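Note that the coordinates shown come from a computational prediction; the quantities given were computed from them, not determined experimentally.
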Amino acid sequence: MIDEFAKDSLHRRLRRDREALLWKLDGLSEYDARRPLTASGTSLLGLVKHVASVEARYFGEVFARPSPEPLPRWQDHDGGDLWATEDETRDQIIGFYRRTWEHSDATIHALPLDAPGHVPWWSEPSPNTNLFAVLVHVLGETNRHAGHADILRENIDGRTGMRPEHEQQVDEEARAAYVAKVEQAARAAASIKA
């Protein structure tokens, strides 16, 4: 009984975080969805593509249930899952992610938490694992990248949050005052340490 409770809880959280990641694309232009927003080239649409690829591998190959989507061999990873090419549409990438959810959800529903899996890209002595560990790992990856997306989206237009129903209109004046207060505290602390 505890296994089903744990599996349902983790799976529910994964579904929530998937939606949060996709929500970060809502209302953005093609340019803003794709443009590099960090020194390493991270983009919002690239994060979605990357998380889709990660999830497809973990709930596919790891449990001998390969993704129906074409994926390059993990050994051939070249960073191509981290950005959207000019030939890939937003709808294609989102569609890939949603189809990956269906395949992943089928794996999660079909297997018990202790179902054995093998992650060939994890180094020895830990490539052998189980569904519980993979579910926790993928949830962590999804959550981590949804957090990245939240920060990137805030830098584009100030929008933050996990779900649209919790979003509040940005009070630019209050936000500027808050940022000024944080900046002042940082400068004061730096001058004390100097």
Side-chain angles (χ1 to χ4, degrees), residues 5-6 8-55 57-58 74 77-85 90 93-94 97 100-101 104 119 121-126 129 132-194:
F5 173 78
D8 289 345
S9 296
L10 292 169
H11 195 188
R12 190 171 40 255
R13 179 69 185 261
L14 177 61
R15 289 191 301 265
R16 185 194 77 180
D17 292 350
R18 289 168 174 164
E19 291 290 349
L21 180 58
L22 279 187
W23 179 52
K24 296 304 168 182
L25 295 172
D26 280 2
L28 289 180
S29 69
E30 280 304 309
Y31 175 71
D32 282 337
R34 296 165 174 273
R35 69 183 169 117
L37 295 163
T38 68
S40 62
T42 304
S43 70
L44 286 165
L45 195 54
L47 284 173
V48 171
K49 184 179 174 185
H50 173 68
V51 172
S53 297
V54 166
E55 187 169 321
R57 288 198 188 289
Y58 277 100
W74 66 267
H77 182 269
D78 65 355
D81 70 330
L82 296 169
W83 60 286
T85 69
R90 183 189 317 213
I93 292 171
I94 291 172
Y97 193 24
T100 295
W101 297 357
S104 298
V119 185
W121 51 91
W122 284 1
S123 59
E124 291 294 339
S126 314
T129 189
F132 176 77
V134 168
L135 193 50
V136 169
H137 180 79
V138 173
L139 175 59
E141 283 287 311
T142 305
N143 187 270
R144 176 176 170 243
H145 292 309
H148 293 151
D150 197 39
I151 292 167
L152 296 179
R153 181 64 189 253
E154 181 179 358
N155 283 330
I156 292 172
D157 62 9
R159 290 180 68 183
T160 62
M162 289 221 29
R163 296 192 298 266
E165 62 269 21
H166 297 300
E167 186 176 25
Q168 297 177 358
Q169 188 67 31
V170 176
D171 179 339
E172 295 295 341
E173 191 174 303
R175 182 176 277 179
Y178 175 77
V179 170
K181 181 168 90 174
V182 173
E183 175 68 24
Q184 203 297 329
R187 289 184 184 280
S191 68
I192 291 170
K193 302 290 186 211

Rounded to the nearest 0.5 Å, what separates atom [atom1] in [X] from atom [atom2] in [Y]?
| X | Y | atom1 | atom2 | answer |
| --- | --- | --- | --- | --- |
| Leu44 | Ile93 | CG | CD1 | 11.5 Å |
| Glu19 | Leu14 | CD | CG | 10.5 Å |
| Ile156 | Leu28 | CD1 | CG | 5.0 Å |
| Arg15 | Ser104 | CZ | OG | 11.5 Å |

> When you check the gap from the basic side-chain N to the acidic O, do Arg153 and Asp157 get nearer than 4.0 Å?
Replying inline: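 Salt bridge flag = yes for Asp157 with Arg153.
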> Taking 4.0 angstrom as the limit, do Arg187 and Glu183 come out as a salt bridge?
Replying inline: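 Salt bridge present between Arg187 and Glu183.
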> Do any pairs count as a ring pair (Phe, Tyr, Trp, His ring centres under 6.0 Å) and have a residue in residues 132-155, sequence neighbours left out, and if so which ones?
Replying inline: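 The answer is His50-His145, Tyr58-His137, Trp122-His137, His145-His148.
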Is the shortest heavy-atom distance from the side chain of [X] to the side chain of [Y] under 4.5 Å?
| X | Y | value |
| --- | --- | --- |
| Arg90 | Leu45 | yes |
| Asn155 | Ile151 | yes |
| Trp83 | Thr85 | yes |

> Which residue pairs satisfy the salt bridge (charged side-chain N to carboxylate O under 4.0 Å, His left out) criterion with at least one member in residues 38-50, sequence neighbours excluded?
Replying inline: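 Sorted pair list: Lys49-Glu88.
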>> Enumerate the salt bridge (charged side-chain N to carboxylate O under 4.0 Å, His left out) contacts for residues 34-48, please, sequence neighbours excluded, ordered by first and then second residue.
In response: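 Output for this query lists Glu30-Arg34, Asp32-Arg35.
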> Do Glu55 and Thr100 meet the criterion of a side-chain donor-acceptor pair at a distance under 3.5 Å?
Replying inline: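 No, Thr100 and Glu55 have no side-chain donor paired with an acceptor closer than 3.5 Å.
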Closest approach of [X] and [Y], non-hydrogen atoms and distance?
| X | Y | value |
| --- | --- | --- |
| Asp17 | Ala146 | O-CB, 4.3 Å |
| Ala149 | Leu47 | N-CD1, 3.7 Å |
| Gly41 | Pro36 | CA-CB, 3.7 Å |
| Ile94 | Leu22 | CG1-CD2, 3.9 Å |
| Arg175 | Thr160 | NH2-CG2, 4.3 Å |

>> The test is side-chain contact (heavy atoms from CB on, under 4.5 Å); show your working for Thr38 and Leu152 and say whether it passes.
In response: CA-CA 8 Å; Thr38 68; Leu152 296 179; 3.8 Å; yes
>> Pair Arg13, Asn143 - check side-chain contact (heavy atoms from CB on, under 4.5 Å), show working.
In response: CA-CA 9 Å; Arg13 179 69 185 261; Asn143 187 270; 3.3 Å; yes
